[in-house]
Amino acid sequence: LVDALAARTKRVSPADVVADANRDAVAAPAIPGAPPGVAIAFRWNAEDEASTRWIPQGLTGSPDADSSGLVGGKRVILSSFYDSATTGAKGVRVAFVDASATPPRYRFALLVSPSGTTAAPSFVPVDVHAGGLVWYGRWLYVADTTHGLRVFDTASILEVATDQDVVGCDATTCRAGLYKYVIPQVGKYEIASIDAACEPLFSFVSLDRSSSPPSLVSGEYCSASACKGPLAGRVFRWPLDPATGLLRSARTFPTEAFFMGQTQVQGGAARGGVFYLSSSAPAAGGGALYRVKQGASATSAWIDAPEDLMVDGPGGLLWCQSEAADARVVFGAKLTSYPSP
């Protein structure tokens, strides 16, 4: 179906999307919550900053995609926004941000699921929360909260028409609700049928390049009204095959699992045996970042309403973003400011 869609559209690369940026980000000189060691920070433009329809969630980028930390010679950040509209929802859009530019510039692409037949291909929006992203090689992993992981192909980004606000293809033309680019889903990893008490939630996901082999780290948001209790959230490590960029096998079990022991964890990442967990539990304008390893933990001030995390090894940064309207910041903080507990 993706090949059939490509015959009606135009395949482009992530670098092409970044080069075609059409929105300017805004510098963020002050970070709510005052996390230490901030080295780079920006906010979305006025429309995206204030939107109550599109809510930012997942975060990944070129440090995940390539061991050099760059794609096309640039530091690129990807951020997922889910559509909260009750009617006419377009699913999930992903911002491709050129973080090497001053100010950073970005453009959105829409996530789509191919549909129809090879003779009459089309696509539909992807209706997930997209609380976590990992861009590893050509694959974009998207957390699907109660199901597992969806997989999209960044080597098959498609350029479509922007003349009508509709999503899908007719006999000659494909459109994506005024978005110029779409990223097609090519597969998914679905939670196996097991005891309901054991089924994991995929609230967020990140890449750990320091593990052997590299792995995905997923985790569960838990509060008094979610999960099995406010402190019952777990993190899981899923081994990857570096040769393919996919999970190690079609049926893959986690190689590690831990209870986090913290509430309202919105994002998690790991490096060198240390887990970083962003929590929205603290009230009055500040979140918390927990640095955890078995038997020890420490807490740092963090941004209010935090979401997903990404470790940028080549850049020496820990990236995060916040979701609250009119207070949305994407930032990278120096990892040296957050030592092992």
Side-chain angles (χ1 to χ4, degrees), residues 35-40 58-71 75-78 99 132-137 139 141 143 149 200 202-220 233-243 245 247-248 252-262 265-279 287-303 306-321 330-341:
V38 173
I40 179 174
L59 189 75
T60 185
S62 53
D64 283 348
D66 191 274
S67 59
S68 70
L70 304 174
V71 168
R75 175 189 282 165
V76 181
I77 302 298
L78 270 58
L133 294 180
V134 168
W135 181 17
Y136 186 54
W139 310 118
Y141 290 90
L149 296 166
F202 285 74
S203 302
F204 53 83
V205 66
S206 63
L207 176 69
D208 185 356
R209 281 190 172 275
S210 71
S211 64
S212 183
S215 56
L216 299 181
V217 174
S218 71
E220 302 176 310
R234 301 165 293 180
V235 288
F236 300 88
R237 185 183 298 280
W238 308 89
L240 290 163
D241 178 354
L247 291 188
R248 188 161 60 185
T252 299
F253 293 87
T255 55
E256 289 185 316
F258 300 98
F259 283 106
M260 290 184 285
Q262 302 291 351
V265 175
Q266 304 273 10
R271 183 173 189 255
V274 176
F275 288 82
Y276 304 92
L277 308 171
S278 63
S279 172
L289 181 76
Y290 302 112
R291 312 189 307 278
V292 184
K293 62 183 181 181
Q294 286 181 271
S297 67
T299 305
S300 298
W302 203 236
I303 196 168
E307 285 296 327
D308 210 17
L309 297 173
M310 176 181 66
V311 172
D312 177 353
L317 301 173
L318 180 64
W319 287 85
C320 186
Q321 69 175 341
V330 181
F331 69 97
K334 296 177 183 177
L335 278 165
T336 53
S337 298
Y338 304 91
S340 176

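Side-chain contact between L318 and R271 is absent, with no heavy-atom pair separated by less than 4.5 Å. In this structure, the side chains of F236 and E220 come closer than 4.5 Å at one or more pairs of heavy atoms. Considering only heavy atoms from C-beta on, V274 comes within 4.5 Å of P341 through its side chain. At a threshold of 4.5 Å between non-hydrogen side-chain atoms, the residues Y290 and S297 do not count as touching. For the pair V134 and L149, the minimum side-chain heavy-atom distance is 4.5 Å or more. Between E307 and L59 there is no side-chain heavy-atom pair separated by less than 4.5 Å. Using a 4.5 Å heavy-atom threshold, the side chains of L335 and L317 count as separate. In this structure, M260 and F275 have side chains that are not in contact, with every pair of non-hydrogen atoms separated by 4.5 Å or more.
V265 and Q262 make their closest contact through CG2-CB, 3.9 Å (heavy atoms, listed as atom of the first residue, atom of the second, distance). Looking at every heavy atom in both residues, S210 comes nearest to G272 through OG-N, 2.8 Å. The heavy-atom pair separating A333 from P36 by the smallest distance is CB-O, 3.7 Å. The two residues G245 and Y141 have their closest heavy-atom pair at O-OH, 2.6 Å. Shown here for L289 and Y338, the closest heavy-atom pair between the two residues is CD2-CD2, 3.5 Å. Nearest heavy atom pair, residue Q294 against residue F258, reads CD-CE2, 3.6 Å.
Interatomic distance, L207 CG to L309 CG, rounded to the nearest 0.5 Å: 13.0 Å. Summarising the geometry, atom CG belonging to L277 is positioned 11.5 Å from atom CD belonging to Q266; distances are rounded to the nearest 0.5 Å. To the nearest 0.5 Å, atoms CD1 (I77) and OG (S62) are separated by 6.0 Å. Atoms OG and CG, from S211 and L240 in turn, are 7.5 Å apart once rounded to the nearest 0.5 Å.
In this structure, a donor-acceptor pair under 3.5 Å is absent between the side chains of R209 and S67.
Remark: side-chain polar atoms of D64 are not paired, donor with acceptor, to backbone N or O of M310 under 3.5 angstrom. For S215 (side chain) and W238 (main-chain N/O), no donor-acceptor pair under 3.5 Å exists by modelled atom type. In terms of modelled atom types and a separation under 3.5 Å, the side chain of S206 and the main chain of G268 share a donor-acceptor contact.
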Discussion item. Between W135 and V76, does the side-chain contact (heavy atoms from CB on, under 4.5 Å) criterion hold? Intermediate values first, please.
Written reply: CA-CA 11 Å; W135 181 17; V76 181; 4.2 Å; yes

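Of the options C320, P35, S279, a side-chain contact (heavy atoms from CB on, under 4.5 Å) to P306 is made by C320 and by none of the others.
The aromatic ring centroids of Y276 and W319 lie 6.0 Å or more from each other.
Within a 6.0 Å radius of CZ in R234, other residues, nucleotides and ligands contribute more than 12 heavy atoms.
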